[in-house]
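Worksheet: one structure, shown below.
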Amino acid sequence: MSNFNQICKEFEQLDVSNYGVILAEKSLKILPALKKISNDGLTGASVYATFILGAIVADGKVSEEEYLLCYPLLRVFFGEEINYEYVKNTAKLLKPQSRELKKCVDGMVDLLGQISEDLKNDVIVVCMMICAVDGKISLKEKNWIKQLIK
């Protein structure tokens, strides 16, 4: 992640049709690895769900593109009852400067320290893709992602 702004631009310009494929491919690697390092398997899934929700709400608002991209994963994590309104309400609770989101990010950063560098990069790529799906990674989103890179 040495040239952060250039990588952001590449994701902003990525053809949207490729997002789902890449997200699914990365998730197939990430989720089992996170489950493996957790004692009960559930912690890994909930942490990955937190990464996804964190990326969706990183700029303080939820775009429909972000929601639609992540919907299949969110449904796996939260079940049939997940919907756009639920995610928008979650965004209101997890404002970028809130204690809750800061606490979540701290936990996510701790977890990233326990996994391989390749897997950490995959998680960060997923977060960047979610942030970029609407065509722009905002400054707030960039700052949120940079916290994960540390």
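This is a predicted model, so every value here is computed, not measured. For reference, positions follow the sequence shown, starting with 1.
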Who passes salt bridge (Lys or Arg N to Asp or Glu O under 4.0 Å) against E117, sequence neighbours left out? none
Side chains of V126 and Y48: closer than 4.5 Å at any heavy-atom pair? yes
When rounded to the nearest 0.5 angstrom, what is the spacing between CD1 in I56 and CD1 in I130? 5.5 Å
Applying side-chain contact (heavy atoms from CB on, under 4.5 Å), name anything that partners I22, two or more places apart in sequence or on another chain. L14, N18, K26, M129
Kindly write out the residues that satisfy side chain to side chain donor-acceptor pair (under 3.5 Å) with E85, not counting sequence neighbours, or none if the list is empty. K88
Hey, does F51 have a side-chain heavy atom less than 4.5 Å from the side chain of I30? no
What I'd like to find out is whether the side chain of L23 reaches to under 4.5 Å of the side chain of L69, using heavy atoms alone. yes
Check: E66 side chain, V133 main-chain N or O, donor-acceptor pair, under 3.5 Å: no
Can you sort out the partners of E25 under side chain to side chain donor-acceptor pair (under 3.5 Å), two or more places apart, ordered by chain and number? none
Separation between OG of S138 and CG of D59, rounded to the nearest 0.5 Å: 4.5 Å
What pairs with K29 under side chain to side chain donor-acceptor pair (under 3.5 Å), at least two apart in sequence or on another chain? D122
K146 atom NZ, neighbour heavy-atom count above 12 within 6.0 Å: yes
CD1 (I137) and CG (N143) are apart, to the nearest 0.5 Å, by 12.0 Å
Residue list, side-chain contact (heavy atoms from CB on, under 4.5 Å) with E10, at least two apart or on another chain: Q6
On a heavy-atom basis, which atom in W144 and which in A55 lie closest, and how many Å separate them? CH2-N, 3.3 Å
Separation of C131 SG from K136 NZ (nearest 0.5 Å): 12.0 Å
Can you list the residues that meet the side-chain contact (heavy atoms from CB on, under 4.5 Å) rule with S17, with sequence neighbours excluded? D15
Any chance you could measure C8, atom SG, to I145, atom CD1, to the nearest 0.5 Å? 5.5 Å
Over all atoms of both residues, closest heavy-atom pair of P32 and S27: CD-O, 3.8 Å
Considering all heavy atoms, the nearest G135-E12 contact: O-CB, 3.6 Å
Distance (rounded to the nearest 0.5 Å) between F4 CZ and I124 CD1: 9.0 Å
Step by step, work out the side chain to side chain contact (heavy atoms under 4.5 Å, CB included) result for D134 and E64. CA-CA 8 Å; D134 58 2; E64 195 163 354; over 6 Å; no
